[in-house]
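Input: a single structure, listed below in structure tokens.
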Amino acid sequence: ATSASDFYWDTAVSADWITDLECSCFLPQGSATLHYIVAANTGPQRTATITVGTAQFTVTQQAGNGIAVPAYTSVAFQDAPQSRLHQAMAPWTTPGQFLVYGGHWNTDINAETWLWNGTGWTQLQPAENPGLLFEHTMAYDAAHGQIVLFGGFNGTIGGVTNQTWLWDGTNWQQAQPATNPPGRMGHAMSYDPVAKKVVLFGGTDGGTDMNDTWLWDGTNWTLAASTLNP
């Protein structure tokens, strides 16, 4: 914390096992809250420092349990999606397969459909697609054998959308439910195998944050009647 709202400060860490340093602020200026993430420790106790302006904080991590953590491996593919943010991804019917749609990089919004087959990427060319989208969400509806895509920021209209699209393995098709959740982006969606329905929660329309819960039954959306929500 600082009494000077225009005071700028820099941050630094002394060890790479402090893997991330996030700030609650948009700029490193004035008072703010910092959060840090540490990697799993498989060896003895270790200590490092985080420097914020002229202040220095010590981070001590207890010894690990000796179990090695599998490492990620960077693999270069001849054909793969370009760098992007806020895309959506959902598993497909075959184990190890995933479908990726949309996303953006800076001001470039795309409408690409990519399939990961477990060993490589393939860009698909469906006759129809949901358009230029980012911050939309997808989930695999196992009861109906299709991927459900809802909402997001539509780059063509310049705002959020409340459209529902379905992927059947070959093409995208816009669903025509009798009831739609309000348009939104940044929401979450997952399949409930007990109810055999896709559950949608939250998001924002760009001005209002939402805390409503919706259920997709393969044909229509229904607002869930719940007295409690996150």
Side-chain angles (χ1 to χ4, degrees), residues 20-27 33 35 37 80-92 97-116 121-126 128-142 144 146-168 171-177 179-192 197-218 220-224 226 229-230:
D20 198 14
L21 194 61
E22 297 288 344
C23 180
S24 65
C25 53
F26 180 70
L27 295 173
T33 300
H35 300 269
I37 300 174
Q82 291 182 327
S83 301
R84 63 195 62 194
L85 299 168
H86 303 136
Q87 70 275 14
M89 184 168 67
W92 187 226
Q97 288 193 354
F98 287 83
L99 196 77
V100 173
Y101 185 82
H104 74 97
W105 185 255
N106 294 326
T107 59
D108 296 327
I109 308 172
N110 75 68
E112 297 174 352
T113 303
W114 287 82
L115 179 69
W116 170 259
W121 290 100
T122 301
Q123 184 175 0
L124 307 180
Q125 303 294 337
E128 302 289 337
N129 64 62
L132 304 173
L133 285 182
F134 67 87
E135 288 205 43
H136 50 298
T137 308
M138 301 193 314
Y140 176 60
D141 182 356
H144 301 93
Q146 57 193 6
I147 289 176
V148 182
L149 180 153
F150 180 82
F153 186 94
N154 186 298
T156 301
I157 66 174
V160 296
T161 175
N162 68 344
Q163 292 182 353
T164 302
W165 287 79
L166 306 174
W167 173 257
D168 62 8
N171 198 24
W172 287 103
Q173 180 180 0
Q174 185 176 355
Q176 301 295 336
T179 304
N180 287 292
R184 65 192 67 199
M185 60 186 186
H187 46 292
M189 208 159 63
S190 186
Y191 179 69
D192 180 350
K197 294 180 180 180
V198 171
V199 182
L200 181 155
F201 179 79
T204 177
D205 63 6
T208 302
D209 294 334
M210 302 177 181
N211 64 352
D212 49 351
T213 303
W214 291 81
L215 305 176
W216 171 258
D217 61 9
N220 196 32
W221 288 103
T222 303
L223 180 63
S226 175
N229 60 60

| task | State whether the side chain of His187 and the backbone N or O of Phe150 hold a donor-acceptor pair below 3.5 Å, judged by distance alone. | result |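 Yes; judged by distance alone, with no hydrogens or angles, the pair exists.
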Find the distance between [atom1] ([X]) and [atom2] ([Y]) and round it off to the nearest 0.5 Å.
X	Y	atom1	atom2	value
His104	Leu85	NE2	CG	5.0 Å
Thr161	Asn154	OG1	CG	5.5 Å
Thr137	Met185	OG1	CE	11.5 Å

| query | Gly207 and Asp205: which non-hydrogen atoms are nearest, and at how many Å? | reply |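 Nearest heavy atoms, Gly207 then Asp205: N-OD1, 2.8 Å.
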Partner residues of [X] under the side-chain contact (heavy atoms from CB on, under 4.5 Å) criterion, sequence neighbours left out:
X	result
Val100	Gln87, Met89, Trp114, Trp121
Thr179	Trp214, Asn220
Asp209	Thr204
Ala90	Met138, Ile147

Any side-chain heavy-atom pair from [X] and [Y] closer than 4.5 angstrom?
X	Y	result
Leu215	Val199	yes
Asp141	Tyr191	yes
Leu223	Thr213	no
Ile109	His86	no
Val160	Arg184	no
Val148	Thr164	yes
Leu99	Thr113	yes

| field | Sequence-distant partners of Trp216, ring-ring contact (aromatic ring centres under 6.0 Å, His included), two or more places apart | value |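 In terms of ring-ring contact (aromatic ring centres under 6.0 Å, His included), with neighbours along the sequence ignored, Trp216 is linked to Trp221.
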| Pairs meeting criterion salt bridge (charged side-chain N to carboxylate O under 4.0 Å, His left out) with involvement of residues 147-157, two or more places apart |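 Found none.
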| Listed once per pair and sorted, the salt bridge (charged side-chain N to carboxylate O under 4.0 Å, His left out) pairs that draw on residues 101-112, sequence neighbours left out |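 Sorted result for residues 101-112: Arg84-Glu112.
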Got a sec, which residues hit side chain to side chain donor-acceptor pair (under 3.5 Å) with [X], two or more places apart in sequence or on another chain?
X	answer
Gln97	none
Trp116	none
Asn180	none
Asn106	none

| task | Quick one: do Gln163 and Trp165 satisfy side chain to side chain donor-acceptor pair (under 3.5 Å)? Show the steps, please. | result | CA-CA 7 Å; Gln163 292 182 353; Trp165 287 79; 2.9 Å; yes
Tell me which donor-acceptor pairs under 3.5 Å the side chains of residues 128-136 have, and how far apart each pair is, sequence neighbours excluded?
from, atom 1, to, atom 2, distance (Å)
Asn129, OD1, Tyr101, OH, 3.3
Asn129, OD1, Gly131, N, 2.8
His136, NE2, Tyr101, O, 2.8

| task | Report yes if the distance between the aromatic ring centroids of Tyr140 and Trp92 is under 6.0 Å, otherwise no. | result |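 For Tyr140 and Trp92, the ring centres are under 6.0 Å apart.
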